[in-house]
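The figures here come from the full heavy-atom set of this structure, side chains too, leaving out hydrogens, waters and symmetry mates.
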2 protein chains.
Amino acid sequence: MATKSKPFNVERFFQALGDNTRLRLLNLMGEQEICVCYFVEILDQAQPKISRHLAYLRRAGIVAARREGKWMYYRIVMPPNLGASQVLQQTLAWLKEERTMQADRSRLTKACCTPAKFTALQGAPLPVSLPNEAR
Amino acid sequence: MATKSKPFNVERFFQALGDNTRLRLLNLMGEQEICVCYFVEILDQAQPKISRHLAYLRRAGIVAARREGKWMYYRIVMPPNLGASQVLQQTLAWLKEERTMQADRSRLTKACCTPAKFTALQGAPLPVSLPNEAR
DNA sequence: CGTACACATTCGTCAATGCGTATATACTGA
DNA sequence: TCAGTATATACGCATTGACGAATGTGTACG
């Protein structure tokens, strides 16, 4: 049986982008895979809240998750639909220009360089850049 | 007093795109100004429903309205935010590639050429292409 | 004026969404 | 096997959004 790919849901795609927390998550992922604990730390939001928004993005087909031991890594996956992937790329580029998004990214960089300073991140796995073929 | 432009609401922008009826409306507007009665005819939806979705797009800063006699014309306005306007352009280009959107456009063209055949459109004003400076 | 037309808004209802809190699940290590 | 950590899901509640039906508003015209 051929892989049944249901037609891309455009509504769901844009609805997924219509929430600031989710935009911040996407912005943090950018081109790297990130562990949930970093999202919680950087956005300073309750863990179930982060988890629910990540699940929403997953259902919309915008991110994918990978488990590694206790940790879950999330990454952006480009939608199979060409138009959608172009809009998503453009959106990510746009977010990079926004002040608040830049601030998030900068906090992430800081946390990754000195995770020991964030009590919640002791021993947490560092983000891993994705190989080119995965983008 | 300087014109107080409140910071562009990104959430609202994407939420406005997260509904198929609104996407169809935007696709029909494309680069021309269109009278509400055409939306009602082409989408074959209740007039209050069309009107509410147009109001939603207006609140999101994506379309603008102009009255001319009994008729209201709606047109797309590019958001002041650069990133938003780029994403919107890209989205409109994407919609043009979708089957159902093409079908809507084709019905619009047909209705404009022979409005007399659509009993609901007798005497309705034809769409007007926007001058370049307005895009 | 008063009617007719084009369009907007309101109201009641129902589904979807967001959030905090509590709890469940998956994995690790002793 | 049990405790601890990381993450996900369930529950209850408040808000928002979509829709049909009814009603309101602005304009042309007799």
Side-chain angles (χ1 to χ4, degrees), chain A residues 9 11-25 29 33-60 63-75 111 115 118-127, chain B residues 9 11-25 29 33-60 63-75 111 115 118-127:
Chain A
N9 189 334
E11 284 190 288
R12 195 174 253 323
F13 172 75
F14 281 117
Q15 283 166 1
L17 300 180
D19 178 279
N20 200 251
T21 300
R22 290 195 288 269
L23 289 174
R24 292 177 75 188
L25 291 172
M29 283 180 258
E33 215 177 25
I34 297 194
C35 177
V36 173
C37 58
Y38 278 95
F39 293 131
V40 174
E41 177 67 24
I42 303 298
L43 299 196
D44 192 28
Q45 307 271 323
Q47 173 267 324
K49 174 172 168 177
I50 298 291
S51 197
R52 272 184 310 236
H53 281 296
L54 287 170
Y56 195 117
L57 288 171
R58 201 164 1 100
R59 284 193 299 271
V63 308
R66 178 177 67 87
R67 175 177 286 279
E68 191 169 314
K70 298 190 289 186
W71 295 288
M72 289 290 288
Y73 291 86
Y74 280 82
R75 64 184 182 279
F118 296 77
T119 51
L121 293 179
Q122 308 250 353
L126 292 172
Chain B
N9 189 332
E11 284 189 289
R12 194 173 258 314
F13 171 75
F14 280 116
Q15 283 166 1
L17 299 180
D19 179 279
N20 199 250
T21 300
R22 290 195 287 268
L23 289 174
R24 292 177 75 188
L25 292 171
M29 283 180 258
E33 217 179 22
I34 297 195
C35 177
V36 172
C37 58
Y38 278 95
F39 293 130
V40 174
E41 178 67 24
I42 304 297
L43 298 196
D44 191 27
Q45 307 271 324
Q47 173 267 321
K49 174 172 168 176
I50 298 291
S51 198
R52 269 179 312 216
H53 282 297
L54 287 170
Y56 196 117
L57 288 171
R58 200 162 5 97
R59 283 193 299 270
V63 307
R66 179 176 66 89
R67 175 177 286 278
E68 190 168 314
K70 297 190 292 186
W71 295 289
M72 289 290 288
Y73 290 87
Y74 279 82
R75 65 183 180 281
F118 296 77
T119 51
L121 292 179
Q122 309 249 353
L126 293 172

Inset, instruction - Between A/R52 and A/E68, name the one whose nearest nucleotide on DNA chain C is closer to the 5' end. - result: A/R52
Inset, instruction - Mind checking A/Y74 for me? I need base, sugar-phosphate or nothing, with any heavy atom below 4.0 Å counting as a touch. - result: sugar-phosphate
Legend entry - Main-chain N/O of A/Q15 paired with A/R22 side-chain donor or acceptor, under 3.5 Å: yes
Inset, instruction - Measure the SG-CD distance between B/C37 and B/Q47 for me, rounded to the nearest 0.5 Å. - result: 10.5 Å
Inset, instruction - Mind calculating the distance between CZ (A/R66) and P (D/dA6) to the nearest angstrom? - result: 17 Å
Inset, instruction - Rounded off to whole Å, could you give me the CE-to-C1' distance for the B/M72 and C/dT9 pair? - result: 13 Å
Inset, instruction - Select from A/Q47 and A/R12 the residue whose nearest nucleotide in DNA chain C is closer to the 5' end of that strand. - result: A/R12
Inset, instruction - Look at the side-chain N and O atoms of A/R22 and state whether any lies under 4.0 Å from the OP1 or OP2 oxygen of C/dG18. - result: yes
Legend entry - Gap between atoms OH and P, on B/Y38 and C/dC7 respectively (whole Å): 11 Å
Legend entry - Among D/dT27, D/dA8, D/dG20, the nucleotide that comes nearest once only the side chain of A/P48 is considered: D/dA8
Legend entry - Side-chain touch B/F13/B/N9, heavy atoms, less than 4.5 angstrom: no
Inset, instruction - Take the protein atom CZ of A/F39 and the nucleotide atom C1' of D/dA8, then report the distance between them rounded to whole Å. - result: 15 Å
Inset, instruction - Indicate whether OP1 or OP2 belonging to C/dA26 is found under 4.0 Å from a side-chain N or O atom of A/K70. - result: no
Inset, instruction - Can you tell me the distance, in whole Å, between the CG atom of A/N20 and the C1' atom of D/dT16? - result: 17 Å
Inset, instruction - Can you figure out which of D/dT27, D/dC19, D/dA8 approaches the side chain of B/K49 most closely? - result: D/dC19
Legend entry - DNA chain D: 5'-proximal contact among A/S51 and B/H53 (nearest heavy atom): A/S51
Inset, instruction - Figure out the CG/P separation between B/L54 and C/dA6, and round it to whole Å. - result: 16 Å
Legend entry - Given B/V63, B/V36, B/I42, B/L54, the one that forms side-chain contact (heavy atoms from CB on, under 4.5 Å) with B/L25: B/L54
Legend entry - B/V36, nearest nucleotide to its side chain (from D/dA8, C/dC7, D/dG17): C/dC7
Inset, instruction - Using a cut-off of strictly less than 4.0 Å, decide whether A/Y56 has a side-chain nitrogen or oxygen near OP1 or OP2 of C/dC19. - result: no
Inset, instruction - For residues B/L23 and A/F14, determine if any side-chain heavy atom of one lies less than 4.5 Å from a side-chain heavy atom of the other. - result: yes
Legend entry - Spacing between B/R67 atom CZ and C/dC5 atom C1', to the nearest angstrom: 11 Å
Legend entry - Gap between atoms CD and C1', on B/Q45 and D/dC19 respectively (whole Å): 10 Å
